[in-house]
Every structure is written in structure tokens, then in C-alpha cells.
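Numbering of ligands and ligand atoms starts at 1, following listing order.
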Amino acid sequence: MSADSQILQRLPSVSKLLQEDSVQALIDLYSRELVVEGIQEYLEELRTEIQEGQLSDQVLSERIDSLDSTVRSKLEQRLAPSLGKVINASGVIIHTNVGRAPLAPEAAEAIQAVATGYSNLEYNLETGKRGHRDLHFEERICRLLSCQAASVCNNNAAAVLLILNTLARNKNVLVSRGELVEIGGSFRIPAIMERSGVILKEVGTTNKTKISDYREAIDQDTALILRVHPSNYKIIGFTHRPELSELVELARESKIPLVEDAGSGLLFSSSHPFLREEPSVQSVLAEGVDLVCFSGDKLLGGPQAGIMVGQKELVDAIRRNPLMRACRVDKMSYAALEWTLIQYDNGNYTKVIPVQRMLSAPAEEIQTRAQRLGKLLDSEVFSSEIKAGFSLIGGGSAPEEQIPTYVLAVTSKQHSVNELERQLRKSPTPVIARIENDQLILDLRTVFPEQEDLIVSAFAEIASRFAEIASRK
Ligand SMILES: *Cc1c(COP(=O)(O)O)cnc(C)c1O
């Protein structure tokens with residue numbers, strides 16, 4: 001018998017292990033199947049190590065003795081959720097990678113209230129009969145925007161799909177060549193049009209499209225004019241785009257619906273210097289656009305949703321489309337959306353909706369917070385300085401608008417900025433920062449004040465990890 005196979009024989013059997021008290025304790029915590037799987041996996045690892053000649057007799061004994069704790073931590077790892085909170089110190093307010101608009105705690109409470117029980121989602125409490133889920137937001141948003149009707153679906157991409165498929169299937173849709181764009185994460189206007197079953201009729205050129213280009217493109221097969229808000233890009237220089245009023249007039253004359261994909265969902269015009277150029281849903285509707293769609297989780301600051309507002313005839317037709325059933329949202333979205341819209345209704349939205357609050361926070365307020373945090377971080381390990389900088393709206397809203405802010409620029413006295421950034425990502429609550437000029441940049445505009453202490457403890461932990469590494473050298 002070889003040495004290896006002698007050692008292999010010392011590996012206990014699963015059935016024998018299952019009789020041990022420590023393993024029984026695991027079965028009390030998890031299912032038997034899971035524990036068996038964990039044990040088998042661990043034994044397999046040991047077997048491989050033995051065959052590769054990496055395990056001495058003594059080490060093997062130790063490994064077998066610690067089997068229960070190893071299996072336990074394996075199972076803990078396997079059962080830990082992968083989705084979790086991060087601290088967004090990037091200064092990008094609507095950041096798709098970190099979940100776009102954060103909801104206010106009250107919006108989350110509204111979700112909790114309907115999610116954990118039954119609700120009147122589609123039940124009319126007056127009549128005791130079936131109601132429609134859109135009732136929970138339609139009247140309010142129509143009052144806010146002075147429009148006839150509204151519906152909601154999974155996201156704005158779905159809204160564009162539903163609108164095109166309902167109103168223009170097998171027909172021509174006019175879009176300016178300057179608006180045939182890709183809006184992050186594989187949302188491309190030409191592709192979504194194709195899948196909606198409409199025929200794309202390109203109008204004008206990339207930099208210049210005139211109202212006459214639209215007029216000349218209209219024929220008896222034209223079912224819709226689509227205008228796409230340039231959310232994440234800007235064509236500058238020698239450019240032209242027809243005034244919205246010209247398009248409205250042409251659409252009315254030709255009896256063709258004019259639809260605007262407004263993207264960001266800024267409900268009302270804003271006096272913020274960096275949002276002055278951003279057309280609001282309200283103003284676009286007031287100009288006479290027949291139907292407007294936008295995201296729920298961009299500037300609106302609500303849950304992920306695609307909101308469609310405008311003429312009743314068009315919205316009703318969309319509601320009747322069987323695809324609507326495939327794109328509808330659940331009670332949790334209605335709850336968060338209704339709470340969000342109530343804040344617009346009562347005039348509190350700039351104070352209580354997180355993205356709105358972050359947008360309007362004065363740079364001096366961020367500076368004061370950054371100074372306080374900087375003092376807490378400065379140590380033998382880290383040094384920091386306050387610098388003027390810019391936050392971004394992000395998420396396809398007001399593409400190149402930069403909001404003045406103050407950032408905290410941190411350096412580690414011994415370690416590289418890349419190492420520091422990596423360590424922050426691995427913190428218990430990961431901190432997402434950016435690197436600029438060899439400094440780690442924290443923009444507190446997108447950090448909730450109650451998260452500042454977590455940042456302090458993340459740095460403290462990194463300092464002790466760095467110290468441990470140094471002591472081992
Ligand atoms: C963001 C955006 C979309 C996609 O919206 P989702 O809610 O992410 O599906 C579509 N069109 C425009 C103009 C956008 O800005």
C-alpha cells in the first residue's frame with residue numbers, strides 16, 4: 001500500500017461523521033442535505049490535497065478535527081446573500097451600477113406595509129368589486145402634470161417597447177438620426193424599435209434635423225413620431241433640432257401622435273442651475289406632446305418603473321396590449337411610487353426624496369461634512385485634504401452637468417491608492433470611491449450622513465489590516 005492510500009484511509013466516512021455531536025449541531029442549524037453536501041465537498045478537497053502530496057499526517061488530523069467549523073463557515077458563505085448595501089462615495093447621484101435612486105425610508109415602509117400582507121391592489125373598497133392597480137397613482141400624477149391618463153410598467157425601456165408596439169406595429173415611426181442612441185446597458189433605440197415590430201424611418205442627419213425633414217418623411221404608413229431625450233450625450237457645434245412646438249404642430253396637422261421618451265423623469269422644471277436645460281415632463285406635456293414616458297428611478301427618485309403619461313385614448317390602448325400584462329409592476333412598486341408622488345403633491349419632494357436632496361445640497365454643507373470626516377480619518381496611516389470638485393447627476397440625466405462639491409482626497413502613507421480603494425470595496429459595508437491623481441476621492445454628496453461613521457470604521461479596520469501586514473514583514 002502506498003503512503004498516500006494509507007493516509008486516504010484515515011479520512012472518516014460521511015456516515016461516521018454524521019454521528020458526531022458537533023456535526024449534529026450543524027444539522028440543527030441547517031438541513032441534513034446541506035451538511036452532507038458540505039462534508040462531502042470538504043472531504044473531496046482533503047482527498048485532492050493528499051493525492052497531490054500536500055498533507056502530512058499531522059496536518060490531516062488537525063483538518064479532520066476542525067471539520068465542523070470549516071464546514072460551518074463554508075455553509076455560512078454559501079447562504080450569505082450576494083446582494084447588499086454599499087456606500088456610494090462616488091458623487092454620481094444616479095449610478096446604475098449601485099442601484100440608481102435610493103428610496104427614502106418612508107417609501108420602504110410603504111412597501112413593507114403592502115408587501116407583508118394583503119392590500120387593495122386591485123380591489124375597490126367602495127364597491128367591493130375588482131379595481132385597477134393604476135388607480136393607486138393615476139389620479140395623482142394626472143393632477144400633478146395636468147394630463148388625462150397615466151400607466152406604469154416595469155421600466156422606461158418597457159414603456160418605449162409598449163408604446164411602439166401598441167401604436168405603430170408594422171407601421172413607420174419617424175426618429176431623428178441624431179436621436180438613434182444607445183442609453184447604457186444595451187438599450188438601443190433601433191434595436192428596441194425592431195423588437196417592438198415597428199419600422200424605423202430615419203429622419204435628417206446626425207447633427208442636423210429640420211422640421212422639413214420630418215414633414216417630407218410622413219406618408220400614409222407613418223404611425224408615430226418619436227423624440228428621444230439626449231440623456232447621456234450632447235451633440236455640440238453645427239447642430240439643429242426642431243423646436244418642440246414645431247413638431248407638435250406638424251404632428252397635429254398630420255394627425256400622427258408625437259411621443260417623447262423623456263428618460264430622466266424630472267417632473268417639474270427646476271431652478272437648479274444644472275437642471276435648467278433639462279426639460280420637465282410637465283413642460284413637455286404642456287407644449288402638446290401626446291404621450292411622454294420616463295423612468296421612475298432616475299430624477300423622480302422613486303422605484304424602478306416606466307411611467308407613461310398623456311392622452312387617454314393612447315394610454316387606454318397601451319393598457320389593452322397583452323404585452324402590458326408581461327411588463328406590469330407589482331404591489332411593491334405601486335406602494336413606493338404612490339409614496340413618492342405624494343411628496344411631489346405635498347411639496348416636500350426636495351426635502352425628503354434622497355436624489356432630490358442630494359441634488360440640492362449646497363456645496364458648503366458637503367464641505368462641512370467632509371472636514372469633520374477628514375479630521376476623523378487623519379492618522380499615522382492616512383492623510384486627507386479637502387478639495388473643490390464636481391458631483392455628477394449620472395444615470396442618463398443632464399449628461400455633462402457638473403454640480404460643484406467638495407471632496408475629501410485621502411492618501412495612505414504606506415500603501416498605494418489602488419490598494420486603499422480595493423480594501424474599501426472589501427469593507428463590511430463596501431465603500432465605492434474613485435481615484436484621481438493618485439488620491440482616493442470621497443464625495444459625501446451621495447453618502448447618507450448616518451453612513452459617515454461606517455466610513456470611519458472601514459478606514460480604521462484597513463489601518464489595522466495594514467499594520468498587521470507590516471508586522472508580518
Ligand atoms: C434611462 C433611459 C431609458 C431607459 O430607462 P430604464 O428605466 O432604465 O429602462 C430610456 N430612454 C431614455 C432617454 C433614458 O434616459
Ligand 1-proximal atoms of Arg100, by part, heavy-atom distance under 4.0 Å = side chain

Assess the side chains of Gln343 and Glu106: does a donor N or O sit below 3.5 Å from an acceptor N or O?
-> no

Can you list the ligand 1 atoms lying under 4.0 Å from a non-hydrogen atom of Lys298?
-> 1 (C), 2 (C), 3 (C), 14 (C), 15 (O)

The option among Ile307, Val228, Asp297, Asn156 carrying the non-hydrogen atom nearest to atom 4 (C) of ligand 1 is Asn156

Check ligand 1 against Gly263 and write out every atom of the ligand that is under 4.0 Å from a heavy-atom position of the residue.
-> 12 (C), 13 (C), 14 (C), 15 (O)

Close side-chain approach of Leu299 and Leu359, heavy atoms under 4.5 Å | yes

Glu419/Arg422 salt bridge by N-O under 4.0 Å criterion | yes

Name all residues meeting the side-chain hydrogen bond (donor to acceptor under 3.5 Å, both in side chains) criterion together with Arg357; count only those two or more places apart in sequence or in a different chain, and write none if there are none.
-> none

Consider ligand 1: state whether an atom of it lies below 4.0 angstrom from any non-hydrogen atom of Gln304.
-> no

Ligand 1 to His229 polar contact by distance, N or O atoms, under 3.5 Å = no

Indicate yes or no: at least one non-hydrogen side-chain atom of Asp438 is less than 4.5 angstrom from one of Thr411.
-> no

How would you list, by chain and number, every residue that makes a side-chain hydrogen bond (donor to acceptor under 3.5 Å, both in side chains) with Arg320, sequence neighbours excluded?
-> none

Of all the atoms in ligand 1, which lie at a distance below 4.0 Å from a heavy atom belonging to Phe187?
-> 10 (C), 11 (N)

Shortest reach to atom 9 (O) of ligand 1 by a heavy atom, considering only Ala157, Cys153, Ser264 = Ala157

